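Heavy-atom basis, side chains included; hydrogens, waters and symmetry copies ignored. Please read these numbers as outputs of a predicted model, since none were measured by experiment. Per chain, numbering begins at 1; letters A, B, ... match sequence-line order.
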Amino acid sequence: MTTFVQRTASRRDGESASGSFWTGRSELFVGVLVGAIGGFLLLRTTMMDVPSSVSFLGPRFFPAVIGALLVVLGVSLAVRVALPGHRSTVPEEQSEMEADASGAGSDWKPLLLTAGTLVAHLALLRTAGWIVAGALLFWGVSCALGSKHKLRDLGISVIVSSAVQLAFSTGLGLSLPSGLLLEVL
Amino acid sequence: MTGRLILRLTAAVLGVVLVGAGLADAHTKASGGKDPREKLQLMAPADPGGGWDTVAREIQSSVDAHGLSHATEVLNVPGAGGTIGLSRLANQSGKGNKLMMSGAVMTGAIQTTDSATTLDDVTPIARLADDYEVVVVPKNSPFRTVEDLMSAWRADPRSVAVGGGSAGGTDHLFAGMLLRAAGVDTSELNYIAYAGGGEVVTGLLDGGLDVGVSSYAEFAGQIEAGKLRALGVSSQSPLEGVDIPTFVEQGVDASLANWRGVVAPPGLSDAQRAELEKIVTTVHGSEQWQDAVERNGWKDTFQTGEEFRSFLESETARIKRISEELGLS
Amino acid sequence: METLSLLLDGFGSALTPVNLLLCLAGVVLGTVVGVLPGLGTAMAIALLVPVTFQLDPTGAFIMFAGVYFGGQFGGATTAILLNTPGQSSSMATAFEGFPMARSRRAPQALATAVLGSFLASIVAVTLVVFFSPLMVDLAVGFGPPEYFALTVLAFLATSAVVAGDVLRGLSGLGLGLALAMVGIDEQSGAVRFTLGSPRLLDGISIIVVTVGLLAIGEVLYVASRARRKPATETVASGRPWLSKRDLGRSWRPWLRGTALGIPFGVIPAGGAEIPTFLSYGTEKTLSRRRGDDEFGRGAIEGVAGPEAANNATTATSLVPLLGLGLPTSATAAIMLGAFQQYGMRPGPLLFTQEADLVWALLASLFIGSLMLLLLNLPFAPVWAKLLRIPRNYLYAGIVVFATLGVYTARSSLFDVLLLYVVGALGFMLRRYGFPVAPVLIGVILGPLAETSLRRAMAMSQGDVGVLFASPFAVGIYSILLVAVVGSTVLRVRRARAA
């Protein structure tokens with residue numbers, strides 16, 4: 001993971017033709033991933049249990065075709081990035097995004113904070129209940145994106161998650177997890 | 001300045017009230033214990049709008065109308081022909097305030113999905129109502145009678161394209177039973193799965209399918225309009241108000257009931273089970289429920305206790321055998 | 001002329017104060033629920049069905065019609081403002097709608113969506129009223145080989161023709177198709193790629209993929225750019241109304257979207273996704289030809305077209321529902337259930353047996369669309385004020401919203417986990433400039449492509465020729481050939497010129 005982080009962070013510098021082979025080539029990772037998913041499909045397809053009554057094209061045909069396609073695409077992506085003289089070609093949709101992203105790759109601190117919040121939410125939803133886990137989710141993301149008043153935001157978060165609880169269970173009649181603590185009380 | 005202060009204070013008070021109300025709500029949702037008269041949870045192991053969901057909501061409205069429980073809620077836990085809901089129910093041992101909708105579709109799905117949890121792991125409460133499979137052909141089909149279809153199967157089973165619901169469902173299983181009744185190897189069935197009876201209709205009308213299998217309600221409109229012709233119905237005895245002969249009457253040994261019923265978590269005491277049976281029996285006797293049976297075109301086949309348990313046992317064994325023959329498990 | 005008098009009778013029975021109120025309640029409820037990803041109109045109608053037994057069938061169905069249209073619009077609103085489509089049919093709207101909102105043009109995006117929806121619904125409902133028997137015949141003529149051709153067209157159009165970079169486009173498509181393969185195979189009952197988890201037997205829900213790729217992916221991307229562009233600032237909303245120029249740019253996409261959407265509602269397994277993506281693709285290609293490079297940064301055409309297509313499809317999907325008893329969407333499936341509850345049988349005889357109800361329902365579709373227009377047009381600037389919320393709260397809200405919608409749809413924690421994993425994939429795609437549209441098209445149409453091909457093969461007992469037997473299929477393959485050859489030639493020329 002850390003090597004990937006470093007590669008990504010220095011991606012743009014590759015254009016100034018400095019640094020090692022890896023600079024500006026973190027996209028290789030995508031090619032490898034695409035190829036690996038294709039390989040996974042192919043491997044699992046050969047291992048699949050197929051009902052005996054299957055006629056004509058069975059359940060293995062499509063996954064095999066897609067797996068093969070992904071392997072070819074993954075290799076092509078990787079080769080294109082690895083070729084000398086590669087410049088990161090960004091399609092037009094991204095031009096604006098990249099324009100305001102002049103500079104290095106990603107900011108890892110807010111990104112990891114956000115990801116961490118999501119993981120924590122997942123871990124807490126059933127045990128601590130929606131009100132706590134939902135508030136944490138709101139608070140965590142708003143802090144990761146640069147909150148200025150952390151304490152005030154905590155209050156807002158709790159209010160948001162309580163309001164949601166009320167709206168869902170009384171308004172729509174849908175149940176959200178209430179948490180182990182309240183179940184014991 | 002004071003204006004802002006008042007505004008802030010109001011916001012703070014409102015906030016505290018909201019949080020308090022939210023917590024209180026979560027608390028009531030969490031409690032409720034195991035008494036079905038306090039809170040009854042009806043689990044529909046399918047998406048909203050599907051067959052099990054309809055049954056659950058019909059039960060809910062009749063429970064509410066008769067004040068059989070303080071609070072009822074319908075919980076949708078869809079997935080894998082109901083087996084996701086089944087395994088969830090099996091984990092709630094001893095909770096006597098939960099009922100889950102079940103039926104023939106689930107027995108089939110347990111086979112196809114190779115589910116670790118089966119209906120042996122829960123407490124059967126009651127069988128409520130059945131509907132039946134109808135086999136149809138397009139109006140200008142060469143198959144005039146069941147015998148025509150049977151001989152076509154005997155001649156070349158793969159040449160007959162049969163359409164119905166998803167693989168391993170009751171439609172598929174019944175088609176397999178027919179093939180076996182014709183004396184043909186069941187795995188020779190050329191079965192094409194569709195998402196529902198409506199799609200099967202288009203397959204039949206555009207000439208792609210030779211035979212369609214689904215519940216009567218799905219085909220009724222087209223049969224009435226004369227675009228589809230029914231060859232037979234899967235019930236044991238003729239159905240009231242339906243002018244289609246049964247397969248048994250026509251000398252074909254194949255019958256299948258698409259039953260629907262309710263089951264409860266495992267590990268219930270006799271008293272808990274009796275309480276749930278009592279609630280379901282009252283629901284069954286209610287006008288709302290009888291009305292629902294009528295509206296949905298079901299056949300009332302109410303059973304509880306030992307009777308239902310032995311039905312469940314024999315039916316499960318039969319479905320298991322046929323789905324093994326179809327190579328589904 | 002007989003049709004016209006029947007329709008007038010329909011208006012007569014729909015235009016009672018009680019029914020108008022029910023229609024209004026339906027539109028409001030539909031909009032509110034449509035806003036939540038995962039819940040959508042299907043859930044709203046399912047919740048309403050038991051309640052409506054107190055009403056007479058006409059009143060109940062008028063309310064459903066309100067929910068039906070209201071939900072479509074609710075979905076578009078969140079797609080534009082939050083990049084979180086309330087339902088899969090508003091995915092294509094998010095592609096241009098959200099960038100528009102970010103560049104202070106949210107009210108315009110919402111307004112063009114409302115007006116386009118209204119126009120498309122009115123045109124489509126009118127066609128349903130006058131030509132529905134003809135349209136039913138069209139629906140029946142559409143078999144597996146035709147569907148297969150159509151999916152191939154949609155695949156290549158979004159991944160190779162429309163996407164800027166063919167290799168990235170095709171990779172996205174392949175990833176989407178791979179995601180679609182997970183779960184029990186409907187045709188054979190074989191279990192595929194679940195790694196032994198029963199939670200995956202039903203596959204990965206489209207809602208999870210859509211919301212994950214678009215909403216969660218977007219939030220992660222914003223987080224990864226947080227230091228450069230502080231997220232706490234607000235996006236001010238600009239001028240509130242559509243300018244003349246906006247109108248001038250919108251009306252052609254509206255009409256093209258409507259024309260694309262109408263046939264797709266009629267064919268049984270169409271769904272609103274194909275026409276919205278095709279409309280998005282058409283508008284994008286046309287704008288490129290005009291030498292316009294606004295697409296990707298908030299082009300109004302990219303909202304106007306897909307929204308019109310979406311609503312045209314919604315309206316015409318009543319044709320297979322009423323005429324064949326064939327639901328083409330989850331919402332329609334629940335309405336079918338409701339028909340059966342009232343003891344009615346959708347099918348060829350419905351129009352004669354239940355004429356009063358059918359015509360009242362059709363009339364209420366007109367009333368519902370008008371109500372939606374009157375309710376939402378003035379509210380477009382109000383909705384857009386939502387964007388005044390500081391951006392960190394807005395994105396926190398998006399995450400909470402997306403999580404809630406996905407969780408409550410199946411009360412499954414596993415789905416939330418999947419949502420976040422797909423979100424991470426979405427971030428990666430975004431980071432390396434892979435387009436999202438082909439992934440979504442792969443997930444949505446992958447199963448249709450596979451089942452159509454396999455059904456065609458089973459019906460013809462393995463004869464590949466059946467795929468090219470109908471003029472429609474051959475027509476589609478020819479269009480495809482021309483498009484692929486054309487765009488390749490263009491690319492080569494451009495590369496030489498550069």
Side-chain angles (χ1 to χ4, degrees), chain A residues 27 30 34 37-38 41 44 48-51 54-59 62-63 66 69-70 73-74 76-77 80 89-96 100-101 103 106-107 110-111 113-115 118 121-122 125-126 134 137-139 141-142 144-148 156 160 164 168 172-176, chain C residues 47 163-165 167-168 170-171 174-175 177-178 181 185 187-193 219-220 222-232 293 295-297 391-393 395-397 399-400 403-404 407-408 411 413 416-417 420 423-424 428 431-435 450 453-454 457-458 461-462:
Chain A
E27 199 186 332
V30 185
V34 168
I37 291 177
L41 282 190
R44 279 274 155 179
M48 195 187 295
D49 276 340
V50 179
V54 162
S55 49
F56 311 106
L57 288 187
F62 248 65
I66 295 164
L69 177 81
L70 281 175
L73 286 168
S76 324
L77 279 172
R80 190 170 69 172
T89 43
V90 178
E92 53 215 273
E93 290 100 311
Q94 298 293 308
S95 47
E96 187 231 17
D100 65 47
S106 306
D107 292 343
L111 184 60
L113 261 177
T114 310
L118 299 185
H121 173 76
L122 264 177
L125 188 56
R126 279 277 155 82
L137 186 63
F138 191 93
W139 190 59
V141 175
S142 75
L145 294 179
S147 150
K148 286 180 195 128
I156 294 180
V160 167
V164 164
F168 269 68
L172 295 168
L174 297 165
S175 59
L176 289 167
Chain C
L47 292 172
D165 170 19
L167 207 51
R168 284 191 171 101
L170 283 176
S171 305
L175 288 176
L177 288 170
M181 290 299 120
D185 168 39
Q187 290 298 310
S188 66
V191 175
R192 303 195 289 190
F193 313 113
V219 172
L220 290 173
V222 168
S224 78
R225 293 280 175 278
R227 216 169 293 160
R228 243 152 293 148
K229 195 173 178 188
T232 37
D293 63 344
F295 259 79
R297 286 176 293 144
R391 288 216 312 170
N392 62 332
Y393 294 155
Y395 284 110
V399 175
V400 167
T403 306
L404 259 180
Y407 178 80
T408 45
S411 16
L413 198 60
V416 179
L417 171 68
Y420 295 161
M428 193 194 77
R431 172 70 181 70
Y432 292 107
F434 282 70
E450 183 182 12
L453 181 63
R454 284 168 62 186
M457 289 296 110
Q461 295 170 64

Kindly give the heavy-atom pair with the smallest separation between [X] and [Y], and that separation in Å.
| X | Y | value |
| --- | --- | --- |
| A:I66 | C:M181 | CD1-CE, 3.7 Å |
| A:H121 | C:T403 | NE2-CG2, 3.4 Å |
| C:A178 | A:I37 | CB-CG2, 4.2 Å |
| C:L413 | A:R126 | CD2-CG, 3.7 Å |
| C:G397 | A:F138 | N-CE1, 3.7 Å |
| A:L77 | C:S171 | CD1-OG, 3.4 Å |

### Query
How many angstroms lie between CZ in C:F193 and CZ in A:R44, if you round to the nearest 0.5 Å?
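Interatomic distance, C:F193 CZ to A:R44 CZ, rounded to 0.5 Å: 9.0 Å.
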Side chain, backbone, both or neither of [X] within contact of chain C (heavy atoms, under 4.5 Å):
| X | answer |
| --- | --- |
| A:L118 | both |
| A:I156 | side chain |
| A:L70 | side chain |

### Task
Pick whichever of C:L167, C:D185, C:V416 has the most heavy-atom pairs under 4.5 Å with chain A.
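Looking at each of C:L167, C:D185, C:V416 in turn, C:L167 comes out on top.
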### Query
Who among C:M457, C:R192, C:E450 has the most heavy-atom pairs with chain A under 4.5 Å?
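Looking at each option in turn, the highest pair count goes to C:E450.
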### Task
Just do the side chain to side chain contact (heavy atoms under 4.5 Å, CB included) check on A:L111 and C:L220 with the steps written out, would you?
CA-CA 6 Å; A:L111 184 60; C:L220 290 173; 3.9 Å; yes
### Task
Before giving the answer on side chain to side chain contact (heavy atoms under 4.5 Å, CB included), spell out for C:Y393 and A:V160 the whole-Å C-alpha distance, their side-chain angles and the decisive distance to 0.1 Å.
CA-CA 11 Å; C:Y393 294 155; A:V160 167; over 6 Å; no
### Task
Take A:T114 and C:Y395 through the test side chain to side chain contact (heavy atoms under 4.5 Å, CB included) and record every step on the way to the result.
CA-CA 11 Å; A:T114 310; C:Y395 284 110; over 6 Å; no
### Worked check of side chain to side chain contact (heavy atoms under 4.5 Å, CB included) between A:L176 and C:L404
CA-CA 9 Å; A:L176 289 167; C:L404 259 180; 3.7 Å; yes
